[in-house]
S.K.: 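My structure is below; once you've seen it, I'll send some questions.
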Amino acid sequence: MKCAVLGDPIGHSLSPALHQAAYAELDMSDWSYTSTRVQAGGLAKYVADLGGDWPPSRWRGLSVTMPLKREAFELARSVSPRARLVGAVNTLVRSSHGWVGDNTDLPGAVAAIRERAGDGFSCSHGVVLGAGATAASTGLALAELGASRITLLARNPGAAGETIEMISRHRSKPVVSVLPLDSAAQESVTSGVDVVVSTVPAKAQTPELIDRWAATPVVFDVVYDPWPSPLLAVAPGVAVSGLDLLVHQAVLQFELFTGRTAPLDAMRAAGEKALASRELSTEPAPA
């Protein structure tokens, strides 16, 4: 059986390392997982070229990353309730009636936070740095964890409407607001923030941003490369990394693809090893 991760760019993806480690751990030698670059607008053709036979002789599942998650939503024959809530599909599973779409980013984020902060963790006010697609799924994760108030800090607040609408659709009906991602706006956010989630690149994590948010009880940075991010490098409390998110969403994908319980520890170890190897290979040469 074959699975793959699709996106553009895709060379940086750790997903093959995670899934192949799971296959090795469970002696699933007849399964493989690769990465393929598929550009925006190309997902439908790629999937069509895989063929439509059932039972599938080769292809079982596809992990979908940017910029293809909305295309995957439109392509799926049916989608799960959580994928419909997020408005994006990151997982396509082949079935007898076509490709079924799901989203493991949302439950993966919830699982990553609970693993680090405790199973009983809940929050009332969460802050998300950024307002794009990842901010939407992590904002919904905060709503799943009980947040009744969610504040987005966006570089372009005027473009955050879709993300605000998406988070507001959660059954708990959180109050969602947006402010500019600058020092003055950050200072205007009232105290009592339980979780801050950063969806902005490491280069956007300014000293002012780090000083303001590093001491939040739970700090979650979706970035896993570079590691640690500037924000997580100094966070004294509970730290949740992008690798935590990647592993937990991959665990759910593995189980959807195979129907077997995923070996979380083996998958995490593979991700840590791959990241460490990447850091060594990109160290600057001595002067």
S.K.: Does F121 form a side-chain contact (heavy atoms from CB on, under 4.5 Å) with V218? I'd like the steps, not just the answer.
M.R.: CA-CA 10 Å; F121 175 80; V218 177; 3.8 Å; yes
S.K.: Any side-chain heavy-atom pair from K2 and W59 closer than 4.5 angstrom?
M.R.: yes
S.K.: Can you measure from CG (L140) to CG (L145) and round to the nearest 0.5 angstrom?
M.R.: 11.0 Å
S.K.: Give the intermediate values and the outcome of side-chain contact (heavy atoms from CB on, under 4.5 Å) for residues R77 and S95.
M.R.: CA-CA 10 Å; R77 181 72 176 270; S95 75; over 6 Å; no
S.K.: Scan side-chain atoms only and decide if D102 and S80 contain a donor-acceptor pair under the 3.5 Å cut-off.
M.R.: yes
S.K.: With rounding to the nearest 0.5 Å, note down the distance linking CG in L85 to OG in S137.
M.R.: 10.5 Å
S.K.: Do W31 and Q20 come within less than 4.5 Å of each other through their side chains, counting heavy atoms only?
M.R.: no
S.K.: Pair H12, D225 - check side-chain contact (heavy atoms from CB on, under 4.5 Å), show working.
M.R.: CA-CA 9 Å; H12 67 289; D225 189 7; 5.6 Å; no
S.K.: Do you know which two heavy atoms are closest between G108 and H248, and how far apart they sit?
M.R.: O-CB, 3.6 Å
S.K.: Kindly work out whether a path of hydrophobic side-chain contacts (I/L/V/M/F/W/Y, heavy atoms less than 4.5 Å apart) joins V110 to L246.
M.R.: no
S.K.: Show, in sequence, the C-alpha distance, side-chain angles and deciding distance for L181 and L209, and conclude whether the side-chain contact (heavy atoms from CB on, under 4.5 Å) test is met.
M.R.: CA-CA 9 Å; L181 182 64; L209 180 148; 3.9 Å; yes
S.K.: Crowded around K203 NZ? As in, over 12 foreign heavy atoms under 6.0 Å?
M.R.: no
S.K.: What distance separates M66 CE from T134 OG1, expressed to the nearest 0.5 Å?
M.R.: 7.0 Å
S.K.: Find out if a path of hydrophobic residues (ILVMFWY) with successive side-chain heavy-atom gaps under 4.5 Å connects M1 to V93.
M.R.: yes
S.K.: Assigning hydrophobic clusters by single linkage (Ile, Leu, Val, Met, Phe, Trp, Tyr; side-chain heavy-atom cutoff under 4.5 Å), is L245 placed with V247?
M.R.: no
S.K.: Do any side-chain atoms of residues 32-47 form donor-acceptor pairs under 3.5 angstrom with protein atoms, and if so which ones, sequence neighbours left out?
M.R.:
residue : atom : partner : partner atom : Å
Y33     : OH   : S63     : OG           : 2.6
R37     : NE   : D8      : OD1          : 2.8
K45     : NZ   : D49     : OD2          : 2.9

S.K.: Quick one, L264 and E115 - any side-chain contact, counting heavy atoms below 4.5 Å?
M.R.: yes
S.K.: Taking the side chain as C-beta and beyond, is there a heavy-atom pair between W213 and V193 under 4.5 Å?
M.R.: yes
S.K.: Distance from T258 atom OG1 to H19 atom NE2, nearest 0.5 Å?
M.R.: 9.5 Å
S.K.: Look at the side chain of R116 and the backbone N and O of V238, then say whether any donor-acceptor pair between them is shorter than 3.5 Å.
M.R.: no
S.K.: Return a table of donor-acceptor pairs under 3.5 angstrom between the side chains of residues 154-162 and protein atoms on other chains or two or more places apart.
M.R.:
residue : atom : partner : partner atom : Å
N156    : OD1  : G158    : N            : 3.4
E162    : OE2  : R70     : NH1          : 2.9
E162    : OE2  : R70     : NH2          : 3.4

S.K.: Taking a hydrophobic cluster as the set of Ile, Leu, Val, Met, Phe, Trp and Tyr residues connected by side-chain heavy atoms closer than 4.5 Å, whether directly or through intermediates, do V196 and I113 fall within one such cluster?
M.R.: no
S.K.: With T104, which residues qualify under side chain to side chain donor-acceptor pair (under 3.5 Å), at least two apart?
M.R.: N90, Q249
S.K.: Tell me whether L68 is reachable from V100 by hopping between hydrophobic residues (I, L, V, M, F, W, Y) whose side-chain heavy atoms are closer than 4.5 Å.
M.R.: no
S.K.: Would a 4.5 Å heavy-atom cut-off, applied to side chains only, mark L50 and W99 as touching?
M.R.: yes
S.K.: Could you pull out the closest heavy-atom pair between I167 and A135, with the gap in Å?
M.R.: CD1-O, 3.9 Å
S.K.: Sub-3.5 Å donor-acceptor pair from the side chain of T91 to the main-chain atoms of Q253, do we have one?
M.R.: no
S.K.: Taking atom CZ of R149 and atom SG of C123, what is their separation to the nearest 0.5 Å?
M.R.: 12.5 Å
S.K.: Whether the side chain of T216 engages the backbone of V219 through a donor-acceptor N/O pair (distance < 3.5 Å, no angle test) should be reported.
M.R.: no
S.K.: Under a 4.5 Å cut-off applied to non-hydrogen side-chain atoms, are R268 and D244 in contact?
M.R.: yes
S.K.: Provide the closest heavy-atom pair for L243 versus E272 in the form atom of the first, atom of the second, distance.
M.R.: CD2-CG, 3.7 Å
S.K.: Does D119 have more than 12 heavy atoms from other residues, nucleotides or ligands lying within 6.0 Å of its CG?
M.R.: no
S.K.: Can you tell if the side chain of V86 reaches within under 4.5 Å of the side chain of K69, non-hydrogen atoms only?
M.R.: no
S.K.: Taking all heavy atoms of G101 and all of L92, pick out the closest pair and write down the distance.
M.R.: CA-CD2, 4.1 Å
S.K.: State which residue, out of V175, L129, L179, fulfils the side-chain contact (heavy atoms from CB on, under 4.5 Å) condition with T151.
M.R.: L179
S.K.: Considering all heavy atoms of both residues, which atom of F73 and which atom of A88 are nearest to each other, and what is their separation?
M.R.: CD1-N, 3.8 Å
S.K.: A side-chain contact here means heavy atoms from C-beta on lying under 4.5 Å apart; do V223 and P201 qualify?
M.R.: no
S.K.: Within this structure, what is the CG-CG distance for the pair L142 and D194, rounded to the nearest 0.5 Å?
M.R.: 9.5 Å
S.K.: Closest approach of A131 and T199, non-hydrogen atoms and distance?
M.R.: N-OG1, 4.5 Å
S.K.: E25 side chain to A266 main-chain N or O, any donor-acceptor pair under 3.5 Å?
M.R.: no
